[in-house]
Enquirer: 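Here's a structure for you.
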Amino acid sequence: MGDYKALKPCSFDKEYGIGDMIPEESVDPSRVNALKSMGLIAEMEATGPVTDDERAAFEEKKAALAADRETFEKVKAEFEEQAQLSILPGGEGEEPSDSPEGEGEDETPDSPEGEEATSKSALERMNKADLLIMAKEKDLPADDTMTKAQLAEAILAV
């Protein structure tokens with residue numbers, strides 16, 4: 001047999017924390033199987049000294065993991081930035097479009113000046129922030145609790 005590794009905090013000749021190496025002589029041999037089945041300890045494999053090749057392979061994996069972590073952090077930061085932009089005024093409630101930017105602008109006006117802005121369906125296609133602005137410009141009692149449909153009906157009612 002060999003030494004053991006603590007999988008949970010335990011006490012033999014002294015206190016051992018998770019991951020601590022427990023010398024073989026500290027564990028009662030008649031209790032080893034029970035301690036292993038309870039998940040308190042695990043047997044350590046006798047591997048011998050680490051070779052230069054093993055150390056180099058470990059360092060390569062460590063560097064690759066660090067690069068992956070860096071990439072993850074960059075992507076995460078970009079995602080959070082995009083998410084933050086989408087909740088800024090004017091970005092809230094906008095539905096994504098299948099067409100590239102600049103196309104289809106005649107069909108769905110972004111501002112109340114367009115001809116279609118007077119139809120209910122055109123108003124409902126506008127984002128909620130623009131509808132609130134339009135309602136307030138017309139001195140309508142509008143607030144954030146109203147739905148886009150309610151805002152459109154209120155605007156069309158005047």
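Heavy-atom basis, side chains included; hydrogens, waters and symmetry copies ignored. Predicted model only: the values in this text are computed from it and were never measured.
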Enquirer: Is the backbone of M146 close enough, under 3.5 Å, to the side chain of K128 for a donor and an acceptor to pair up by distance?
Expert: yes

Enquirer: Just wondering, do I155 and K138 contact through their side chains at under 4.5 Å, heavy atoms?
Expert: yes

Enquirer: Got a donor-acceptor contact below 3.5 angstrom from the S26 side chain to the I22 backbone?
Expert: no

Enquirer: If you look at every heavy atom in M21 and D3, which pair is closest and at what distance?
Expert: SD-OD2, 3.2 Å

Enquirer: Would you name the heavy atoms of A142 and A135 that are closest together and state the gap between them?
Expert: CB-CB, 3.6 Å

Enquirer: Does R69 form a salt bridge (Lys or Arg N to Asp or Glu O under 4.0 Å) with E73? I'd like the steps, not just the answer.
Expert: CA-CA 6 Å; R69 181 68 182 181; E73 291 298 331; 2.9 Å; yes

Enquirer: Within a radius of less than 6.0 Å around CG of D52, do more than 12 heavy atoms belonging to other residues, nucleotides or ligands occur?
Expert: no

Enquirer: Output yes when a side-chain donor or acceptor of D130 lies under 3.5 Å from a complementary backbone atom of N127, and no otherwise.
Expert: no

Enquirer: For the atom pair CG (D28) and CZ (F12), what is the distance rounded to the nearest 0.5 Å?
Expert: 9.5 Å

Enquirer: Rounded to the nearest 0.5 Å, what separates atom OG1 in T71 from atom NZ in K76?
Expert: 14.0 Å

Enquirer: Before giving the answer on salt bridge (Lys or Arg N to Asp or Glu O under 4.0 Å), spell out for R55 and E59 the whole-Å C-alpha distance, their side-chain angles and the decisive distance to 0.1 Å.
Expert: CA-CA 6 Å; R55 188 175 311 280; E59 291 300 326; over 6 Å; no

Enquirer: After noting the C-alpha distance and the side-chain angles of L7 and L40, does the key distance pass the side chain to side chain contact (heavy atoms under 4.5 Å, CB included) rule?
Expert: CA-CA 5 Å; L7 301 176; L40 286 174; over 6 Å; no

Enquirer: Regarding D143 and T145, is there a side-chain donor-to-acceptor distance under 3.5 Å anywhere?
Expert: yes

Enquirer: Can you measure from CD1 (I133) to CG (L151) and round to the nearest 0.5 angstrom?
Expert: 11.5 Å

Enquirer: Before giving the answer on side chain to side chain contact (heavy atoms under 4.5 Å, CB included), spell out for L35 and Y4 the whole-Å C-alpha distance, their side-chain angles and the decisive distance to 0.1 Å.
Expert: CA-CA 11 Å; L35 293 168; Y4 302 96; over 6 Å; no

Enquirer: Between M38 and R31, is any pair of side-chain heavy atoms under 4.5 Å apart?
Expert: yes

Enquirer: Determine whether a donor-acceptor pair (N or O, by modelled atom type, separation under 3.5 Å) exists between the side chain of K148 and the backbone of M126.
Expert: yes

Enquirer: Walk me through it: do K136 and L140 pass the test side chain to side chain contact (heavy atoms under 4.5 Å, CB included)?
Expert: CA-CA 5 Å; K136 288 182 182 184; L140 299 173; over 6 Å; no

Enquirer: Whether the side chain of E54 engages the backbone of T51 through a donor-acceptor N/O pair (distance < 3.5 Å, no angle test) should be reported.
Expert: yes

